[in-house]
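One structure below.
Scope of the values below: all heavy atoms of this structure, side chains included, with no hydrogens, waters or symmetry mates. A quick note: this is a predicted structure, and the numbers were derived from the prediction, not measured. We count ligands from 1, going down the list as the structure has it; atoms in each ligand are counted the same way.
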Amino acid sequence: MTETGDRSAHITVLMTAEEIAARNTVLAAEIVAEMGRAPLIIPVLKGSFIFAADLLRALHDAGAAPDMDFISLSSYGAGTRSLGEVKIVRDTEVPIKGRDVLLVDDILESGRTLAFAKDLMMARGAKSVRTCVLLHKKDKQAVDITPDFTGFDCPDRFVIGYGMDVAHAYRQLPFVGYLEE
Ligand code: IMP
Ligand code: MG
């Protein structure tokens, strides 16, 4: 399917808004079954903000009452190639020690971002650290980390929408897609 609206011309849709919403409901049920009602949810910003917001409401519908904090990590600059080094742009504020942490990210590509975040939370004394990603680009993975909860397998394309950007644009799209050449 190709969107033809002005602001989203030449974009091929990979996951529709409806498909994502249905998947979020299933993910939330899996998370509650495995982590209980009160995990500490930590979205890895910026790309995960829409996914995390929808997942949080799906978790509410699934009977959970999570706490939330945020961490902002960067490995990309403004380009489309990972620089390979993860930096903390904005850190968490709530105590991590003794908590069951769920890190939420948009994409697992090399795995460096999530591995970095997981090590950081473990080093801060989390009781457990699990990971949830909307998309898993298995072909690009370089670091040995398996997400505990995965929305969709993702083809080896630079994807945009549903919070994900290229050079700070396209985050507003309600679906996930990629720009055609
Ligand atoms: P990793 O550290 O290589 O696993 O990269 C993961 C991070 O890179 C994600 O949190 C995303 O923010 C970003 N990223 C990776 N692939 C894409 C993409 O196709 N579109 C937008 N952002 C991406
Ligand atoms: Mg990210």
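Taking 4.0 Å as the cut-off between side-chain N and carboxylate O, D165 and K46 do not count as a salt-bridged pair.
Annotation for A142 and R112: closest pair CB-NH2, 4.1 Å, computed over non-hydrogen atoms.
An N or O contact shorter than 3.5 Å is missing between D165 and ligand 1 by distance. Annotation: S75 places no N or O atom under 3.5 Å from an N or O atom of ligand 1; distance criterion only. The distance criterion of under 3.5 Å between nitrogen or oxygen atoms is met by G111 with respect to ligand 1. At under 3.5 Å, not a single nitrogen or oxygen of I160, backbone or side chain, sits near a nitrogen or oxygen of ligand 1.
The distance from the OH atom of Y178 to the SG atom of C154 is 10.5 Å, given to the nearest 0.5 Å. Note that CD1 of I71 is 8.0 Å distant from CD1 of I96, once rounded to the nearest 0.5 Å. Considering CZ of F152 and CG of L135, their distance stands at 7.5 Å, rounded to 0.5 Å.
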List the atom pairs, donor and acceptor, that lie under 3.5 Å between side-chain atoms in residues 31-39 and the rest of the protein, sequence neighbours left out.
from, atom 1, to, atom 2, distance (Å)
E34, OE2, R130, NE, 2.8
R37, NE, G63, O, 2.8

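Residues passing the salt bridge (charged side-chain N to carboxylate O under 4.0 Å, His left out) test with K140 are E109, D156, sequence neighbours excluded.
At a cut-off of 3.5 Å, with distance as the only test, a side-chain donor of T92 or R124 sits close to an acceptor on the other residue.
At a 4.0 Å cut-off, not a single heavy atom of K140 sits close enough to ligand 1 to count as contact. Proximity of D105 to ligand 1 is established by a heavy-atom distance of less than 4.0 Å.
Within ligand 1, counting atoms from 1 as listed, the ones closer than 4.0 Å to a heavy atom of K137 are 16 (N), 17 (C), 18 (C), 19 (O). Taking a cut-off of under 4.0 Å to the non-hydrogen atoms of R157, the atoms of ligand 1 that pass are 19 (O). Numbered from 1 in the order shown, with element, the atoms of ligand 1 that lie under 4.0 Å from a heavy atom of T113 read 1 (P), 2 (O), 5 (O), 6 (C), 7 (C). For ligand 1, the atoms sitting less than 4.0 Å from at least one non-hydrogen atom of R112 are 2 (O), 4 (O), numbered in the order shown with element in parentheses. For ligand 1, the atoms lying closer than 4.0 Å to a non-hydrogen atom of S110 are 1 (P), 2 (O), 3 (O), 4 (O).
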